Amino acid sequence: MASRNQIQRKELGDENPLDKRRRLAAMGRGAGTTGAGRTRQPFAAVNSRQEVTAAVAAPEECPNHEFTKEEVESILNEKPKAKKFDLKAKYEHAADHNKRLKLCVKWFQQCDENHVLDAEKLKNSLESAEKRCIDTELEKKNKEEELNSIISELRDNNASLQDKLSKEVSEKLDAIDRHTSENEARIAAEKSVASLTEELERAQQDIAAANERAASLDNTHKRLQEYILSLQQYNSKLINDLETVRESLKRVEKEKLTIVENLSTLRGHCGSLQEQLTSSRVSQDDAVKQKEALANEVKCLRGELQLVRDDRERQMSQMQALSAEIAKFKESSGKSLAELDSLAMKSESLEDTCSSQREQIRILELQLAAANEKLKMTDLSASETRIEYLEQKRIVQELQDRLADMENKLIDGENLRKKLHNTILELKGNIRVFCRVRPLLPDDGAATEGAIVSYPTSTESIGRGIDLLQSGQKYPFTFDKVFNHEASQQDVFVEISQLVQSALDGYKVCIFAYGQTGSGKTYTMMGRPEASEQKGLIPRSLEQIFQSSQSLKAQGWKYKMQASMLEIYNETIRDLLSNNRSVGSDPTRPENAVSGKQYTIKHDANGNTCVSDLTIVDVSSIAEISSLLRQAAQSRSVGRTQMNEQSSRSHMVFTLRISGTNESTEQQVQGVLNLIDLAGSERLSRSGATGDRLKETQAINKSLSCLSDVIFSLAKKDDHVPFRNSKLTYLLQPCLGGDSKTLMFVNVSPDPTSVGESLCSLRFAARVNACEIGVPRRQMTLRTADSRLSCG
């Protein structure tokens, strides 16, 4: 017992103090419930009875005290702290120390008793489990033996049943064979009896007939001679009838030939009467078949006549078989009479069919004459209609030529109007506004609620006007250009190509897309660069810039280009071309906090804009630009909302700085092309943004609201324009309030559920179109030694 307690103490000493305290508390609670009626005291040899009673009484003072290893060691190692000759203090300390030792001993006794009880319970449960296992094993063995015996019995029964079944099957097959053989024997016996009876009857009949023949031979000989004479006469009559039938057949063949000739002529003249002619051909084929049948019957009659002659010769030579031959001859003569009657009937039917065919031929001739008359009339009418058709064709050709001339004039006038309009806008300094309506998507509700966007058809508003329908009220708007949902990316780019070209001429050009989320801004600006037909304005503009720069080399121009891309995310500028930026990084973490860079927007006196610490890359080909665009697209902040699967959560700004020099004229131009894809405005009630998306939505709406404030101030021509209220407006200050050529795309969704946002976007675009920002100025100077680019 002492060794067990030592081991237990050692294990308790190795445990964590907190776990050990919980375990000892559980053991103490168990000792308080189960050890009340026990009298076992394993430490009785160490402590006296008085100490035990004192220890029993001690828990009343501290009933639920638990001891840890540190406490026990501190009690055992505790030394008196009193002075050397202070016996009273030493006694009190010893009494207190003994009291705590008694409590500790009592607690260990309770723990030991609980352990003994738990061990006994485990032992009893183990024994009962072993007994149950042994009993279940015995039961399983007994059941297994019973099942094995049952299986063996069933196998024996099955074998015996199979033997019986095979025996019964063999017996049944033998019985069937015996039954079939008996039936065959019985049938053969019945057949033999029937044949014997028939032979007996025939023999009796032959005997009676022979007696009758012998008696009547003398009488019949005379009658036969007379009958032979009558047959000869009848034969001559048949020959005459055959000759008449042959003549009638010849006439029928002649008529058939004439009918065939008439039919061939009719077939060549009129194709429309072929069905009736085919019916006549069918009837003619029937007549031919009948004729062939008659010829076969005539041949049969000749053969029969030859047989009659042979019979007559044999009767003269063999008198014994006269009776049978006479009977046969009578039968054959009767058949020949019936056949002659049938031939007569057939000849009459042939005559009837010939008459009917003659009548049909006459009707067909009349119809053919009428068809010829109709054909003449149709020829006359066809010639008249052909003359009218040629006249109409000549008139249509003249109209088409006039229409082509008018279209060319219209195109020239439209080009002239665009040029004059652009000149007027440049002189007035207005911001040009283009409107684009995206196509309907399967998720849009236009199929149930009806279309909300329409386009006026008047001459003044065609291609420039758009009408929005909300709650039965129509709101008309007019912009510089309106693209419907059928307009392609190429159609849109053609309208801005001249504006992009002016960046090479030394102008500042800014094109930005505005609209609600999901209206097609990113598709308009970026598109899908991997598909040639779906490229957006940014890839197409850059392709045109590089192509034009290559073509201007022949005139002595050399261009140097630098590109940069940034985004404004939650009012923080982030460099999209930075090498320190990793794809898929946390968009909520400011990049300048990571890299230590401070992106500050600065404007100089000449209206040039630059961002400090921003990555600027020299580009010389469209392939390099495409690579940069892909890198920026992967780094841009994109999120999912209830309104858009891939919603842009930041404003993206692409800047291309162009520096051109002409060796021959020593001129130098500096142009800037800013292409901006703004984040879409959205309502929290529809987008369902929460968390980071909520912060992004609030930042986007705030920056767009600041843009609206700037536009209102410009429209009112206020002295102070709040450009600094947002980093977006401060970055766009040269484009909105300087000497830049600025174009805004307002993108509209045709979804009826977004009609409120679309109306707000169109009203904002109308205010932008009315703003005057100043006349654009070309930046061209003489070439200097410093060729460093200015920040546009």
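A quick note: this is a predicted structure, and the numbers were derived from the prediction, not measured.
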Between Lys521 and Ser519, is the side chain to side chain contact (heavy atoms under 4.5 Å, CB included) condition met? List the steps. CA-CA 6 Å; Lys521 300 182 300 300; Ser519 59; 3.8 Å; yes
Is any side-chain heavy atom of Leu731 closer than 4.5 Å to a side-chain heavy atom of Val611? yes
Closest heavy-atom pair and its distance - Asn747, Ala513: OD1-CB, 3.9 Å
Cation-aromatic face contact Arg574/Tyr569, 6.0 Å, 45 degrees: yes
Phe764 vs Tyr514, ring pair (Phe, Tyr, Trp, His ring centres under 6.0 Å): CA-CA, chis, key distance, verdict: CA-CA 10 Å; Phe764 176 74; Tyr514 178 88; 4.5 Å; yes
Rounded distance (nearest 0.5 Å) linking atom CG of Leu440 with atom CG of Asp751: 7.5 Å
Side-chain donor or acceptor of Asn114 paired with backbone N/O of Gln110 under 3.5 Å: yes
Taking C-beta and beyond as the side chain, do Leu675 and Met525 meet within less than 4.5 Å on heavy atoms? yes
Can you find a heavy atom in the side chain of Ile625 that is under 4.5 Å from one in the side chain of Leu629? yes
If every non-hydrogen atom of Pro722 is compared with every non-hydrogen atom of Ser713, which pair is closest and at what distance? CD-OG, 3.4 Å
Verify whether one side chain among Ser726 and Glu571 offers a donor that lies under 3.5 Å from an acceptor in the other. yes
Does any non-hydrogen side-chain atom of Ile568 lie less than 4.5 Å from one of Ser703? no
For Ser564 and Leu577, which heavy atoms make the closest approach, and how far apart are they? CA-CD1, 4.0 Å
Please tell me whether Ser749 and Arg438 have a donor and an acceptor in their side chains that are separated by less than 3.5 angstrom. yes
Flag if over 12 foreign heavy atoms under 6.0 Å of CD, Glu533: no
Within this structure, what is the SG-CG distance for the pair Cys760 and Leu704, rounded to the nearest 0.5 Å? 12.0 Å
Asn98 CG to Tyr91 OH distance, which is reported to the nearest 0.5 Å: 9.0 Å
Derivation of the salt bridge (charged side-chain N to carboxylate O under 4.0 Å, His left out) call for Asp96 and Arg100: CA-CA 6 Å; Asp96 184 47; Arg100 285 184 287 169; 3.6 Å; yes
Do Pro734 and His603 have side chains that get closer than 4.5 Å, going by heavy atoms? yes
Between Ser74 and Glu71, is there a donor-acceptor pair closer than 3.5 Å when you use the side chain of the first and the backbone of the second? yes
Can Ser166 and Gln162 be said to form a side chain to side chain contact (heavy atoms under 4.5 Å, CB included), step by step? CA-CA 6 Å; Ser166 62; Gln162 286 181 353; over 6 Å; no
Can you tell if the side chain of Met652 reaches within under 4.5 Å of the side chain of Met526, non-hydrogen atoms only? yes
Kindly compute the distance separating NE2 (His97) from NE2 (His93), expressed to the nearest 0.5 Å. 6.5 Å
Minimum-distance pair of heavy atoms, taken over all atoms of Arg528 and Tyr523: NH1-CE1, 3.4 Å
Under a 3.5 Å distance rule, please check whether Ser705 uses its side chain to pair with a backbone N or O of Asn701 as donor and acceptor. no
After noting the C-alpha distance and the side-chain angles of Ile150 and Leu154, does the key distance pass the side chain to side chain contact (heavy atoms under 4.5 Å, CB included) rule? CA-CA 6 Å; Ile150 291 170; Leu154 290 174; 3.9 Å; yes
Contact between Leu628 and Gln631 at the side-chain level, heavy atoms closer than 4.5 Å - yes or no? yes
Would you sort out whether Phe512 and His651 count as a ring pair (Phe, Tyr, Trp, His ring centres under 6.0 Å), showing the intermediate values? CA-CA 10 Å; Phe512 64 95; His651 309 297; over 10 Å; no
Shortest non-hydrogen pair, Leu614 vs Met565, comes out as CD1-O, 4.3 Å
Any side-chain heavy-atom pair of Thr655 and Leu673 under 4.5 Å: no
Is there a donor-acceptor pair under 3.5 Å between the side chain of Asn148 and the backbone N or O of Glu144? yes
Rounded to the nearest 0.5 angstrom, the CZ-CG distance for Phe712 and Leu707 is 9.5 Å
Does the side chain of Thr572 pick up a donor-acceptor pair with the side chain of Asn570 at under 3.5 Å? no
Under 3.5 Å, is there a donor-acceptor pair linking the side chains of Thr729 and Arg724? no
When you measure from the side chain of Gln562 to the backbone N and O of Val617, does any donor-acceptor pair fall under 3.5 Å? no
Rounding to 0.5 Å, atoms CD1 (Ile511) and CD1 (Ile676) come to a distance of 10.0 Å
Asp575 versus Tyr599, closest heavy-atom pair with distance: CB-OH, 3.5 Å
Just do the side chain to side chain contact (heavy atoms under 4.5 Å, CB included) check on Phe654 and Leu576 with the steps written out, would you? CA-CA 10 Å; Phe654 174 86; Leu576 296 179; over 6 Å; no
